[in-house]
Number of protein chains: 2
Amino acid sequence: MTKWRQIADALREKIEAGEYRPGQRLPTEPELQEQYDVSRNTVRQAVSSLVAEGLLLVERGQGTRVRPRSEVRRLARSRLSREERKQGRGAFLSDATQAGFTPSVQVRVSVGQADTRTAELLQIAEGDSVLRRERIMSADGRPMQLATSQLPRSITHGMQIEEEESGPGGTYARLEEAGHHLSHFVEEVAVRMPSAAEVETLQLLPGTPVFAITRIAYAGSPAKPVELNDIVLAGDQVRLVYEIPAE
Amino acid sequence: MTKWRQIADALREKIEAGEYRPGQRLPTEPELQEQYDVSRNTVRQAVSSLVAEGLLLVERGQGTRVRPRSEVRRLARSRLSREERKQGRGAFLSDATQAGFTPSVQVRVSVGQADTRTAELLQIAEGDSVLRRERIMSADGRPMQLATSQLPRSITHGMQIEEEESGPGGTYARLEEAGHHLSHFVEEVAVRMPSAAEVETLQLLPGTPVFAITRIAYAGSPAKPVELNDIVLAGDQVRLVYEIPAE
DNA sequence: AAGTGGTCTAGACCACTAC
DNA sequence: TAGTGGTCTAGACCACTTT
(Lines give C-alpha, C1' and ligand atoms only; values in the text may rest on other atoms or scores of the structure.)
Protein backbone atom coordinates (compact mmCIF):
# COMPACT_ATOMS: atom_id res chain seq x y z
CA MET A 1 0.00 0.00 0.00
CA THR A 2 1.45 3.34 -1.04
CA LYS A 3 1.65 6.27 1.29
CA TRP A 4 -0.77 8.49 -0.57
CA ARG A 5 -3.39 5.74 -0.65
CA GLN A 6 -3.04 5.22 3.07
CA ILE A 7 -3.56 8.91 3.66
CA ALA A 8 -6.52 9.03 1.27
CA ASP A 9 -8.09 6.03 3.00
CA ALA A 10 -7.53 7.54 6.43
CA LEU A 11 -9.17 10.80 5.38
CA ARG A 12 -12.06 8.98 3.71
CA GLU A 13 -12.70 6.99 6.86
CA LYS A 14 -12.72 10.11 8.99
CA ILE A 15 -15.19 11.70 6.63
CA GLU A 16 -17.46 8.67 6.59
CA ALA A 17 -17.24 8.40 10.36
CA GLY A 18 -18.40 12.00 10.61
CA GLU A 19 -15.17 13.21 12.16
CA TYR A 20 -14.93 15.68 9.33
CA ARG A 21 -18.45 16.87 8.53
CA PRO A 22 -19.79 18.19 5.21
CA GLY A 23 -18.67 21.77 4.72
CA GLN A 24 -16.03 21.48 7.41
CA ARG A 25 -12.37 22.42 6.89
CA LEU A 26 -9.71 19.73 6.63
CA PRO A 27 -6.25 20.31 8.07
CA THR A 28 -4.07 22.39 5.74
CA GLU A 29 -1.41 20.79 3.57
CA PRO A 30 1.47 21.65 5.92
CA GLU A 31 -0.52 20.18 8.82
CA LEU A 32 -1.25 16.95 6.97
CA GLN A 33 2.40 16.82 5.91
CA GLU A 34 3.42 16.82 9.53
CA GLN A 35 0.66 14.45 10.70
CA TYR A 36 1.62 11.75 8.23
CA ASP A 37 5.30 12.64 7.92
CA VAL A 38 5.38 12.91 4.14
CA SER A 39 6.28 15.50 1.55
CA ARG A 40 3.78 18.06 0.38
CA ASN A 41 3.34 16.40 -3.02
CA THR A 42 2.31 13.15 -1.37
CA VAL A 43 -0.34 14.94 0.65
CA ARG A 44 -1.54 16.65 -2.50
CA GLN A 45 -1.84 13.37 -4.38
CA ALA A 46 -3.96 11.90 -1.61
CA VAL A 47 -6.21 14.95 -1.50
CA SER A 48 -6.66 15.15 -5.25
CA SER A 49 -7.70 11.52 -5.43
CA LEU A 50 -10.51 12.34 -3.00
CA VAL A 51 -11.45 15.40 -5.04
CA ALA A 52 -11.77 13.17 -8.10
CA GLU A 53 -14.06 10.88 -6.11
CA GLY A 54 -16.24 13.87 -5.42
CA LEU A 55 -15.60 13.73 -1.68
CA LEU A 56 -13.58 16.90 -1.19
CA LEU A 57 -13.66 20.45 -2.44
CA VAL A 58 -10.61 22.70 -2.71
CA GLU A 59 -10.77 26.46 -3.00
CA ARG A 60 -7.58 28.31 -3.55
CA GLY A 61 -6.53 30.59 -0.81
CA GLN A 62 -9.20 29.16 1.44
CA GLY A 63 -8.44 25.55 2.11
CA THR A 64 -10.00 22.13 1.65
CA ARG A 65 -13.51 21.25 2.75
CA VAL A 66 -15.66 18.15 2.85
CA ARG A 67 -17.99 18.50 -0.09
CA PRO A 68 -21.53 19.22 1.09
CA ARG A 69 -24.04 16.75 -0.32
CA SER A 70 -25.84 18.74 -2.95
CA GLU A 71 -29.57 18.69 -3.07
CA VAL A 72 -31.05 16.04 -5.29
CA ARG A 73 -34.20 16.65 -7.33
CA ARG A 74 -36.29 13.73 -8.47
CA LEU A 75 -37.34 14.21 -12.07
CA ALA A 76 -40.37 12.13 -12.95
CA ARG A 77 -39.70 11.12 -16.53
CA SER A 78 -43.06 9.40 -16.76
CA ARG A 79 -44.91 12.67 -16.40
CA LEU A 80 -44.75 13.69 -20.03
CA SER A 81 -48.47 13.23 -19.87
CA ARG A 82 -51.22 14.85 -21.85
CA GLU A 83 -52.90 15.79 -18.60
CA GLU A 84 -50.02 18.03 -17.57
CA ARG A 85 -49.82 19.63 -20.99
CA LYS A 86 -53.50 20.52 -20.86
CA GLN A 87 -52.81 22.37 -17.66
CA GLY A 88 -50.25 24.40 -19.54
CA ARG A 89 -47.14 22.79 -18.14
CA GLY A 90 -44.22 21.53 -20.15
CA ALA A 91 -42.13 18.63 -18.87
CA PHE A 92 -39.66 20.87 -17.06
CA LEU A 93 -42.33 23.01 -15.41
CA SER A 94 -44.11 19.85 -14.37
CA ASP A 95 -40.91 18.59 -12.75
CA ALA A 96 -40.46 21.90 -10.98
CA THR A 97 -43.92 21.72 -9.48
CA GLN A 98 -43.30 18.16 -8.39
CA ALA A 99 -39.84 18.69 -6.90
CA GLY A 100 -40.56 22.14 -5.50
CA PHE A 101 -38.01 24.37 -7.16
CA THR A 102 -38.26 27.64 -9.07
CA PRO A 103 -37.60 27.02 -12.75
CA SER A 104 -36.14 29.40 -15.27
CA VAL A 105 -35.24 28.83 -18.90
CA GLN A 106 -33.04 30.50 -21.50
CA VAL A 107 -33.96 29.70 -25.09
CA ARG A 108 -32.19 30.16 -28.40
CA VAL A 109 -34.01 29.24 -31.59
CA SER A 110 -32.37 28.67 -34.94
CA VAL A 111 -32.82 26.86 -38.23
CA GLY A 112 -30.23 24.46 -39.57
CA GLN A 113 -29.65 21.31 -41.56
CA ALA A 114 -29.96 17.77 -40.24
CA ASP A 115 -26.63 16.00 -39.77
CA THR A 116 -26.26 12.26 -40.32
CA ARG A 117 -27.33 11.18 -36.84
CA THR A 118 -30.23 13.63 -36.63
CA ALA A 119 -31.51 12.57 -40.03
CA GLU A 120 -31.41 8.91 -39.10
CA LEU A 121 -33.16 9.33 -35.78
CA LEU A 122 -35.85 11.65 -37.17
CA GLN A 123 -36.20 9.50 -40.29
CA ILE A 124 -35.61 12.40 -42.65
CA ALA A 125 -32.93 13.05 -45.25
CA GLU A 126 -29.52 14.39 -44.35
CA GLY A 127 -29.42 18.12 -44.99
CA ASP A 128 -33.17 18.58 -44.57
CA SER A 129 -34.14 21.76 -42.79
CA VAL A 130 -34.64 21.40 -39.03
CA LEU A 131 -35.78 23.76 -36.29
CA ARG A 132 -33.36 23.84 -33.38
CA ARG A 133 -34.33 24.95 -29.88
CA GLU A 134 -31.38 25.18 -27.48
CA ARG A 135 -32.30 25.64 -23.87
CA ILE A 136 -30.53 26.11 -20.56
CA MET A 137 -32.85 25.17 -17.72
CA SER A 138 -32.14 26.27 -14.17
CA ALA A 139 -33.49 25.33 -10.78
CA ASP A 140 -33.52 28.16 -8.26
CA GLY A 141 -31.09 30.02 -10.52
CA ARG A 142 -28.57 27.20 -10.74
CA PRO A 143 -28.13 25.62 -14.20
CA MET A 144 -29.24 22.01 -14.11
CA GLN A 145 -30.03 20.92 -17.60
CA LEU A 146 -28.99 21.60 -21.19
CA ALA A 147 -31.40 20.57 -23.91
CA THR A 148 -31.15 20.80 -27.66
CA SER A 149 -34.39 19.96 -29.37
CA GLN A 150 -34.61 19.39 -33.13
CA LEU A 151 -37.77 19.10 -35.23
CA PRO A 152 -38.22 18.68 -38.98
CA ARG A 153 -39.00 22.07 -40.46
CA SER A 154 -41.68 20.40 -42.59
CA ILE A 155 -43.68 19.93 -39.40
CA THR A 156 -43.02 23.17 -37.58
CA HIS A 157 -43.45 25.56 -40.49
CA GLY A 158 -45.42 28.59 -39.36
CA MET A 159 -46.01 27.22 -35.85
CA GLN A 160 -45.45 29.10 -32.63
CA ILE A 161 -42.63 26.67 -31.84
CA GLU A 162 -40.50 28.72 -34.20
CA GLU A 163 -40.68 31.60 -31.74
CA GLU A 164 -38.65 31.68 -28.54
CA GLU A 165 -41.85 31.66 -26.53
CA SER A 166 -43.41 28.36 -27.45
CA GLY A 167 -46.48 29.05 -25.33
CA PRO A 168 -48.21 27.21 -22.45
CA GLY A 169 -47.55 23.48 -22.36
CA GLY A 170 -44.45 23.88 -24.51
CA THR A 171 -43.46 22.23 -27.75
CA TYR A 172 -45.51 19.10 -27.23
CA ALA A 173 -48.73 21.04 -26.61
CA ARG A 174 -48.24 22.98 -29.86
CA LEU A 175 -47.58 19.77 -31.79
CA GLU A 176 -50.80 18.20 -30.56
CA GLU A 177 -52.82 21.32 -31.36
CA ALA A 178 -51.50 21.07 -34.89
CA GLY A 179 -52.85 17.54 -35.13
CA HIS A 180 -49.70 15.58 -34.33
CA HIS A 181 -51.15 13.24 -31.77
CA LEU A 182 -48.24 12.06 -29.60
CA SER A 183 -48.10 8.31 -29.09
CA HIS A 184 -44.98 7.71 -27.01
CA PHE A 185 -41.45 8.78 -26.14
CA VAL A 186 -38.25 6.76 -26.08
CA GLU A 187 -35.46 7.90 -23.78
CA GLU A 188 -31.98 6.48 -24.04
CA VAL A 189 -29.96 7.29 -20.93
CA ALA A 190 -26.16 7.28 -20.94
CA VAL A 191 -23.68 8.53 -18.41
CA ARG A 192 -20.26 10.06 -18.95
CA MET A 193 -17.81 12.62 -17.65
CA PRO A 194 -18.58 16.13 -18.89
CA SER A 195 -16.61 18.10 -21.44
CA ALA A 196 -14.87 21.27 -20.32
CA ALA A 197 -17.63 23.36 -21.91
CA GLU A 198 -20.30 21.48 -19.98
CA VAL A 199 -18.38 21.86 -16.74
CA GLU A 200 -18.56 25.59 -17.31
CA THR A 201 -22.19 26.09 -18.29
CA LEU A 202 -23.53 23.62 -15.76
CA GLN A 203 -21.10 24.92 -13.12
CA LEU A 204 -20.06 21.38 -12.30
CA LEU A 205 -17.60 20.44 -9.59
CA PRO A 206 -14.68 18.13 -10.36
CA GLY A 207 -15.60 14.46 -10.19
CA THR A 208 -19.18 15.07 -11.24
CA PRO A 209 -20.52 12.89 -14.07
CA VAL A 210 -23.48 13.87 -16.24
CA PHE A 211 -26.52 12.14 -17.65
CA ALA A 212 -26.75 12.29 -21.44
CA ILE A 213 -30.28 11.55 -22.54
CA THR A 214 -31.55 11.18 -26.08
CA ARG A 215 -35.30 11.52 -26.22
CA ILE A 216 -37.35 10.91 -29.32
CA ALA A 217 -41.03 11.85 -29.43
CA TYR A 218 -43.31 9.85 -31.72
CA ALA A 219 -46.69 10.95 -33.09
CA GLY A 220 -49.50 9.60 -35.26
CA SER A 221 -50.24 6.06 -36.32
CA PRO A 222 -48.19 4.47 -37.54
CA ALA A 223 -45.96 6.39 -35.14
CA LYS A 224 -43.32 8.63 -36.71
CA PRO A 225 -40.59 10.62 -34.92
CA VAL A 226 -41.41 14.31 -34.63
CA GLU A 227 -38.76 15.54 -32.22
CA LEU A 228 -35.21 14.67 -31.19
CA ASN A 229 -34.10 16.07 -27.86
CA ASP A 230 -30.50 15.82 -26.61
CA ILE A 231 -30.39 16.47 -22.90
CA VAL A 232 -27.44 16.86 -20.54
CA LEU A 233 -28.14 16.82 -16.81
CA ALA A 234 -25.86 17.54 -13.86
CA GLY A 235 -25.40 14.12 -12.28
CA ASP A 236 -25.07 15.35 -8.72
CA GLN A 237 -28.35 17.19 -8.75
CA VAL A 238 -30.92 14.84 -10.17
CA ARG A 239 -32.36 11.38 -10.05
CA LEU A 240 -34.48 10.19 -12.91
CA VAL A 241 -37.65 8.39 -11.92
CA TYR A 242 -39.30 6.04 -14.39
CA GLU A 243 -42.47 4.12 -13.85
CA ILE A 244 -42.74 0.89 -15.78
CA PRO A 245 -46.06 -0.92 -16.13
CA ALA A 246 -45.91 -4.70 -15.56
CA GLU A 247 -48.19 -4.95 -18.56
CA MET B 1 -2.99 28.96 -19.26
CA THR B 2 -0.72 26.60 -17.36
CA LYS B 3 1.78 24.36 -19.08
CA TRP B 4 0.11 21.09 -18.17
CA ARG B 5 -3.24 22.30 -19.49
CA GLN B 6 -1.65 23.33 -22.75
CA ILE B 7 -0.11 19.89 -23.11
CA ALA B 8 -3.39 18.17 -22.20
CA ASP B 9 -5.28 20.29 -24.72
CA ALA B 10 -2.71 19.59 -27.41
CA LEU B 11 -2.94 15.85 -26.81
CA ARG B 12 -6.74 15.94 -26.70
CA GLU B 13 -6.84 17.73 -30.04
CA LYS B 14 -4.52 15.21 -31.63
CA ILE B 15 -6.72 12.41 -30.35
CA GLU B 16 -9.91 14.04 -31.59
CA ALA B 17 -8.29 14.79 -34.93
CA GLY B 18 -7.44 11.10 -35.23
CA GLU B 19 -3.70 11.69 -35.16
CA TYR B 20 -3.56 9.31 -32.22
CA ARG B 21 -6.10 6.57 -32.86
CA PRO B 22 -7.96 4.44 -30.30
CA GLY B 23 -5.63 1.74 -28.99
CA GLN B 24 -2.57 3.50 -30.34
CA ARG B 25 0.51 4.29 -28.24
CA LEU B 26 1.25 7.86 -27.20
CA PRO B 27 4.86 9.10 -26.98
CA THR B 28 6.55 8.01 -23.74
CA GLU B 29 7.00 10.39 -20.84
CA PRO B 30 10.63 11.22 -21.66
CA GLU B 31 9.61 11.92 -25.27
CA LEU B 32 6.77 14.24 -24.24
CA GLN B 33 9.15 15.92 -21.80
CA GLU B 34 11.46 16.78 -24.64
CA GLN B 35 8.68 17.72 -27.10
CA TYR B 36 7.17 20.28 -24.75
CA ASP B 37 10.33 21.14 -22.84
CA VAL B 38 8.93 20.53 -19.36
CA SER B 39 9.74 18.38 -16.37
CA ARG B 40 8.47 14.84 -16.09
CA ASN B 41 5.94 15.72 -13.39
CA THR B 42 4.32 18.30 -15.65
CA VAL B 43 3.92 15.73 -18.40
CA ARG B 44 2.43 13.33 -15.87
CA GLN B 45 -0.10 15.89 -14.67
CA ALA B 46 -1.27 16.50 -18.23
CA VAL B 47 -1.57 12.79 -18.91
CA SER B 48 -3.41 11.98 -15.71
CA SER B 49 -5.98 14.69 -16.36
CA LEU B 50 -6.78 12.95 -19.64
CA VAL B 51 -6.96 9.61 -17.87
CA ALA B 52 -9.52 11.09 -15.47
CA GLU B 53 -11.54 12.27 -18.47
CA GLY B 54 -11.57 8.70 -19.67
CA LEU B 55 -9.59 9.55 -22.80
CA LEU B 56 -6.35 7.74 -22.07
CA LEU B 57 -5.30 4.43 -20.60
CA VAL B 58 -1.98 3.82 -18.85
CA GLU B 59 -0.51 0.39 -18.23
CA ARG B 60 2.60 0.18 -16.17
CA GLY B 61 5.63 -1.04 -17.96
CA GLN B 62 3.84 -0.77 -21.26
CA GLY B 63 3.05 2.83 -21.97
CA THR B 64 0.05 5.06 -22.58
CA ARG B 65 -2.64 4.34 -25.14
CA VAL B 66 -5.73 6.09 -26.43
CA ARG B 67 -8.64 4.40 -24.73
CA PRO B 68 -10.60 2.27 -27.18
CA ARG B 69 -14.30 3.08 -27.21
CA SER B 70 -15.89 0.26 -25.28
CA GLU B 71 -18.89 -1.50 -26.62
CA VAL B 72 -22.21 -0.17 -25.47
CA ARG B 73 -25.22 -2.40 -24.84
CA ARG B 74 -28.71 -1.00 -24.92
CA LEU B 75 -30.72 -2.30 -21.99
CA ALA B 76 -34.44 -2.06 -22.56
CA ARG B 77 -35.80 -1.25 -19.12
CA SER B 78 -39.36 -1.35 -20.37
CA ARG B 79 -39.10 -5.05 -21.12
CA LEU B 80 -39.92 -6.25 -17.63
CA SER B 81 -43.00 -7.59 -19.26
CA ARG B 82 -45.16 -10.53 -18.35
CA GLU B 83 -44.75 -11.79 -21.90
CA GLU B 84 -41.01 -12.24 -21.49
CA ARG B 85 -41.43 -13.92 -18.12
CA LYS B 86 -43.85 -16.42 -19.59
CA GLN B 87 -41.16 -17.37 -22.06
CA GLY B 88 -38.93 -18.13 -19.12
CA ARG B 89 -36.71 -15.08 -19.34
CA GLY B 90 -35.79 -12.82 -16.49
CA ALA B 91 -35.02 -9.18 -17.15
CA PHE B 92 -31.31 -9.77 -17.60
CA LEU B 93 -31.75 -12.71 -19.94
CA SER B 94 -34.24 -10.69 -21.90
CA ASP B 95 -31.68 -7.91 -22.25
CA ALA B 96 -29.06 -10.40 -23.36
CA THR B 97 -31.29 -11.72 -26.12
CA GLN B 98 -32.07 -8.20 -27.23
CA ALA B 99 -28.51 -6.87 -27.18
CA GLY B 100 -26.89 -10.07 -28.40
CA PHE B 101 -24.46 -10.97 -25.65
CA THR B 102 -23.83 -14.15 -23.66
CA PRO B 103 -25.06 -13.67 -20.10
CA SER B 104 -23.75 -15.33 -16.96
CA VAL B 105 -24.74 -14.79 -13.35
CA GLN B 106 -23.22 -15.48 -9.95
CA VAL B 107 -25.73 -15.60 -7.10
CA ARG B 108 -25.41 -15.50 -3.33
CA VAL B 109 -28.52 -15.89 -1.22
CA SER B 110 -28.81 -14.96 2.44
CA VAL B 111 -31.32 -13.94 5.07
CA GLY B 112 -30.98 -10.75 7.05
CA GLN B 113 -32.80 -7.93 8.78
CA ALA B 114 -34.22 -4.86 7.08
CA ASP B 115 -32.27 -1.67 7.77
CA THR B 116 -33.98 1.71 8.02
CA ARG B 117 -33.99 2.49 4.32
CA THR B 118 -35.02 -1.01 3.25
CA ALA B 119 -37.85 -1.06 5.75
CA GLU B 120 -39.15 2.28 4.55
CA LEU B 121 -39.04 1.42 0.87
CA LEU B 122 -40.58 -2.02 1.34
CA GLN B 123 -43.12 -0.65 3.82
CA ILE B 124 -42.20 -3.15 6.52
CA ALA B 125 -40.80 -2.70 10.02
CA GLU B 126 -37.10 -2.14 10.66
CA GLY B 127 -35.51 -5.42 11.68
CA ASP B 128 -38.06 -7.55 9.86
CA SER B 129 -36.60 -10.60 8.19
CA VAL B 130 -35.68 -10.14 4.52
CA LEU B 131 -34.39 -12.45 1.82
CA ARG B 132 -31.32 -11.07 0.11
CA ARG B 133 -30.17 -12.13 -3.36
CA GLU B 134 -26.81 -10.67 -4.38
CA ARG B 135 -25.90 -11.14 -8.00
CA ILE B 136 -23.00 -10.35 -10.29
CA MET B 137 -24.16 -10.35 -13.88
CA SER B 138 -21.69 -10.58 -16.74
CA ALA B 139 -21.87 -10.04 -20.47
CA ASP B 140 -19.54 -12.25 -22.47
CA GLY B 141 -17.64 -12.95 -19.27
CA ARG B 142 -17.09 -9.29 -18.37
CA PRO B 143 -18.86 -8.09 -15.19
CA MET B 144 -21.43 -5.48 -16.08
CA GLN B 145 -23.95 -5.27 -13.32
CA LEU B 146 -24.19 -5.75 -9.56
CA ALA B 147 -27.65 -6.30 -8.13
CA THR B 148 -28.80 -6.76 -4.57
CA SER B 149 -32.42 -7.75 -4.36
CA GLN B 150 -34.33 -7.76 -1.07
CA LEU B 151 -37.77 -9.24 -0.42
CA PRO B 152 -39.80 -9.48 2.79
CA ARG B 153 -39.36 -12.97 4.19
CA SER B 154 -43.09 -13.00 4.92
CA ILE B 155 -43.65 -13.23 1.18
CA THR B 156 -40.86 -15.55 0.10
CA HIS B 157 -41.17 -18.13 2.84
CA GLY B 158 -40.84 -21.59 1.33
CA MET B 159 -40.59 -20.31 -2.23
CA GLN B 160 -38.00 -21.34 -4.76
CA ILE B 161 -36.63 -17.80 -4.64
CA GLU B 162 -34.91 -18.79 -1.44
CA GLU B 163 -32.71 -21.13 -3.45
CA GLU B 164 -29.82 -19.91 -5.57
CA GLU B 165 -31.56 -21.22 -8.65
CA SER B 166 -34.73 -19.19 -8.77
CA GLY B 167 -35.98 -21.03 -11.86
CA PRO B 168 -37.09 -19.93 -15.34
CA GLY B 169 -38.31 -16.35 -15.56
CA GLY B 170 -36.52 -15.46 -12.34
CA THR B 171 -37.81 -13.89 -9.15
CA TYR B 172 -40.73 -12.09 -10.75
CA ALA B 173 -42.08 -15.26 -12.39
CA ARG B 174 -42.05 -17.06 -9.01
CA LEU B 175 -43.81 -14.16 -7.32
CA GLU B 176 -46.61 -14.19 -9.86
CA GLU B 177 -47.01 -17.96 -9.61
CA ALA B 178 -47.48 -17.48 -5.88
CA GLY B 179 -50.33 -15.09 -6.54
CA HIS B 180 -48.48 -11.78 -6.25
CA HIS B 181 -49.75 -10.17 -9.42
CA LEU B 182 -47.18 -7.52 -10.37
CA SER B 183 -48.67 -4.13 -11.18
CA HIS B 184 -45.69 -1.90 -11.94
CA PHE B 185 -42.07 -1.05 -11.23
CA VAL B 186 -40.50 2.24 -10.25
CA GLU B 187 -36.86 2.83 -11.15
CA GLU B 188 -34.91 5.70 -9.69
CA VAL B 189 -31.71 6.28 -11.67
CA ALA B 190 -28.74 8.12 -10.18
CA VAL B 191 -25.19 8.51 -11.38
CA ARG B 192 -22.00 8.72 -9.35
CA MET B 193 -18.34 7.80 -9.32
CA PRO B 194 -17.76 4.24 -8.14
CA SER B 195 -16.25 3.19 -4.83
CA ALA B 196 -12.93 1.38 -4.86
CA ALA B 197 -14.71 -1.94 -4.25
CA GLU B 198 -16.97 -1.36 -7.26
CA VAL B 199 -14.02 -0.44 -9.45
CA GLU B 200 -12.58 -3.83 -8.59
CA THR B 201 -15.59 -6.11 -9.05
CA LEU B 202 -16.83 -4.33 -12.16
CA GLN B 203 -13.25 -4.03 -13.48
CA LEU B 204 -13.84 -0.35 -14.19
CA LEU B 205 -11.29 1.92 -15.76
CA PRO B 206 -10.42 5.24 -14.13
CA GLY B 207 -12.80 8.04 -15.03
CA THR B 208 -15.74 5.69 -15.46
CA PRO B 209 -18.95 6.65 -13.64
CA VAL B 210 -21.65 4.14 -12.72
CA PHE B 211 -25.41 4.03 -12.81
CA ALA B 212 -26.99 3.41 -9.42
CA ILE B 213 -30.56 2.25 -9.86
CA THR B 214 -33.10 1.60 -7.16
CA ARG B 215 -35.95 -0.50 -8.46
CA ILE B 216 -39.07 -1.28 -6.49
CA ALA B 217 -41.55 -3.87 -7.74
CA TYR B 218 -45.19 -3.46 -6.74
CA ALA B 219 -47.86 -6.18 -6.70
CA GLY B 220 -51.56 -6.59 -5.93
CA SER B 221 -54.24 -3.97 -5.62
CA PRO B 222 -53.88 -1.72 -3.89
CA ALA B 223 -50.26 -2.08 -5.01
CA LYS B 224 -47.74 -2.93 -2.32
CA PRO B 225 -43.95 -3.16 -2.68
CA VAL B 226 -42.70 -6.73 -2.87
CA GLU B 227 -39.09 -6.29 -3.91
CA LEU B 228 -36.31 -3.73 -3.56
CA ASN B 229 -33.46 -4.07 -6.03
CA ASP B 230 -30.27 -2.01 -5.79
CA ILE B 231 -28.43 -2.13 -9.08
CA VAL B 232 -25.00 -0.81 -10.03
CA LEU B 233 -24.11 -0.72 -13.71
CA ALA B 234 -20.82 0.06 -15.44
CA GLY B 235 -21.49 3.44 -17.04
CA ASP B 236 -19.25 2.92 -20.05
CA GLN B 237 -20.93 -0.27 -21.13
CA VAL B 238 -24.64 0.40 -21.09
CA ARG B 239 -27.38 2.74 -22.13
CA LEU B 240 -30.75 2.45 -20.48
CA VAL B 241 -33.71 2.60 -22.81
CA TYR B 242 -37.11 3.58 -21.44
CA GLU B 243 -40.32 3.79 -23.38
CA ILE B 244 -42.84 6.27 -22.06
CA PRO B 245 -46.45 6.22 -23.23
CA ALA B 246 -47.92 9.63 -24.09
CA GLU B 247 -51.03 8.43 -22.31
C1' DA C 1 1.26 40.64 5.38
C1' DA C 2 0.27 35.97 6.28
C1' DG C 3 -1.70 31.81 4.90
C1' DT C 4 -3.92 28.98 1.59
C1' DG C 5 -3.62 25.93 -2.43
C1' DG C 6 -1.50 25.68 -7.71
C1' DT C 7 2.38 24.94 -10.62
C1' DC C 8 6.87 23.44 -11.74
C1' DT C 9 11.54 21.59 -11.32
C1' DA C 10 15.34 18.01 -10.72
C1' DG C 11 16.40 13.99 -9.12
C1' DA C 12 15.92 9.46 -6.76
C1' DC C 13 14.25 4.78 -6.31
C1' DC C 14 10.75 1.18 -7.27
C1' DA C 15 7.53 -2.22 -9.88
C1' DC C 16 6.25 -4.16 -13.84
C1' DT C 17 6.76 -5.62 -18.89
C1' DA C 18 9.15 -6.83 -22.80
C1' DC C 19 13.15 -8.63 -24.97
C1' DT D 1 18.59 -5.83 -19.03
C1' DA D 2 16.43 -1.90 -20.85
C1' DG D 3 12.40 0.70 -20.94
C1' DT D 4 7.99 1.82 -19.23
C1' DG D 5 5.12 4.22 -15.78
C1' DG D 6 4.42 4.85 -10.17
C1' DT D 7 5.87 6.95 -5.99
C1' DC D 8 8.28 10.21 -3.26
C1' DT D 9 11.24 14.04 -1.89
C1' DA D 10 12.82 19.04 -1.22
C1' DG D 11 12.49 23.25 -2.64
C1' DA D 12 11.04 27.26 -5.43
C1' DC D 13 7.78 30.68 -7.02
C1' DC D 14 2.97 32.12 -8.03
C1' DA D 15 -2.20 33.37 -7.42
C1' DC D 16 -5.69 34.02 -4.56
C1' DT D 17 -8.17 34.98 -0.03
C1' DT D 18 -8.34 36.58 4.48
C1' DT D 19 -6.82 39.56 8.20
Side-chain angles (χ1 to χ4, degrees), chain A residues 1-12 14-15 20 22-68 196 199-200 203-207, chain B residues 1-12 14-15 20 22-68 196 199-200 203-207:
Chain A
M1 183 68 97
T2 64
K3 287 189 187 178
W4 73 263
R5 269 183 199 285
Q6 286 176 42
I7 298 171
D9 289 346
L11 292 176
R12 197 188 295 102
K14 291 194 178 181
I15 291 166
Y20 298 136
Q24 191 184 328
R25 280 285 201 316
L26 252 65
T28 66
E29 290 179 354
E31 282 167 353
L32 289 173
Q33 235 181 107
E34 176 146 350
Q35 272 183 43
Y36 295 98
D37 189 30
V38 292
S39 75
R40 185 170 165 225
N41 282 345
T42 304
V43 166
R44 285 178 57 76
Q45 186 161 13
V47 168
S48 51
S49 77
L50 295 178
V51 170
E53 277 181 35
L55 260 181
L56 294 182
L57 212 56
V58 252
E59 282 144 334
R60 60 165 142 216
Q62 281 181 274
T64 305
R65 293 180 301 124
V66 178
R67 179 169 175 175
V199 168
E200 186 156 345
Q203 297 174 23
L204 296 176
L205 298 169
Chain B
M1 183 69 96
T2 64
K3 287 189 187 179
W4 73 263
R5 269 184 198 285
Q6 286 176 41
I7 298 172
D9 289 347
L11 293 176
R12 196 188 296 104
K14 290 194 178 179
I15 291 165
Y20 298 135
Q24 190 183 330
R25 279 285 203 313
L26 251 66
T28 67
E29 290 180 354
E31 283 166 352
L32 289 173
Q33 236 182 106
E34 176 147 351
Q35 272 182 43
Y36 295 99
D37 188 30
V38 292
S39 76
R40 186 171 165 224
N41 282 346
T42 304
V43 166
R44 286 178 56 75
Q45 186 162 11
V47 168
S48 51
S49 77
L50 295 178
V51 169
E53 277 181 36
L55 260 181
L56 293 183
L57 211 55
V58 252
E59 281 145 335
R60 58 163 143 219
Q62 281 181 273
T64 305
R65 293 181 300 123
V66 179
R67 179 169 175 176
V199 169
E200 186 155 345
Q203 299 173 22
L204 296 177
L205 299 170

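The chains referred to below are lettered A, B, ... by the order of the sequence lines, with proteins before strands, and numbering in each begins at 1.
- One atom, CZ of B:R40, and another, C1' of C:dA10, lie 12 Å apart when rounded to the nearest Å.
- Across the protein-nucleic acid pair, A:E29 atom CD and D:dT9 atom P stand 14 Å apart, rounded to whole Å.
- Note that CD1 of B:I7 is 8.5 Å distant from OG1 of B:T2, once rounded to the nearest 0.5 Å.
- Comparing A:R25 and A:R5 along DNA chain D, the residue whose closest nucleotide (by nearest heavy atom) sits nearer the 5' end is A:R5.
- The side chain of B:K3 contributes no N or O atom lying less than 4.0 Å from OP1 or OP2 of C:dG6.
- Atom CZ in B:R60 sits roughly 13 Å away from atom P in C:dA18 (whole-Å rounding).
- Taking OG from A:S39 and CH2 from A:W4, the interatomic distance works out to 13.5 Å, rounded to the nearest 0.5 Å.
- Put simply, B:Q62 has no side-chain N or O that comes within less than 4.0 Å of OP1 or OP2 on C:dC16.
- Put simply, CZ on B:R44 is 15 Å from C1' on C:dA10, counting in whole angstrom units.
- Side chain of B:E29 to main chain of B:R44: no donor-acceptor pair is present (N/O by atom type, distance under 3.5 Å, no hydrogens or angles).
- Distances shown here put a side-chain N or O of B:T64 below 4.0 Å from the OP1 or OP2 atom of D:dG5.
- Side-chain N/O atoms of A:T28 include none lying less than 4.0 angstrom from OP1 or OP2 on C:dG3.
- A:V47 comes within contact range of no nucleotide atom at all, as no heavy-atom separation falls under 4.0 Å.
- In this structure, the CD atom of A:E34 is 13 Å from the P atom of D:dA10, given to the nearest Å.
- When distances run from any side-chain atom of A:P30 to the nucleotides C:dG5, D:dT7, C:dT9, the shortest one goes to C:dG5.
- OP1 or OP2 of C:dG6 has not a single side-chain nitrogen or oxygen of B:T2 nearer than 4.0 Å.
- As a whole-Å value, the separation of A:E59 CD from D:dA15 C1' is 15 Å.
- Shown are A:L50, A:L32, A:L56; of these, the side chain to side chain contact (heavy atoms under 4.5 Å, CB included) with A:T64 is made only by A:L56.
- Heavy-atom distances to DNA chain D give each of A:G61 and A:N41 a nearest nucleotide, and the one nearer the 5′ end belongs to A:N41.
- Distance, B:D37 CG to C:dA10 P: 9 Å, rounded to whole Å.
- Going from atom CD of B:Q6 over to atom C1' of C:dG6 covers 15 Å, rounded to whole Å.
- Heavy atoms of other residues, nucleotides or ligands lying less than 6.0 angstrom from CD of B:E59 number more than 12.
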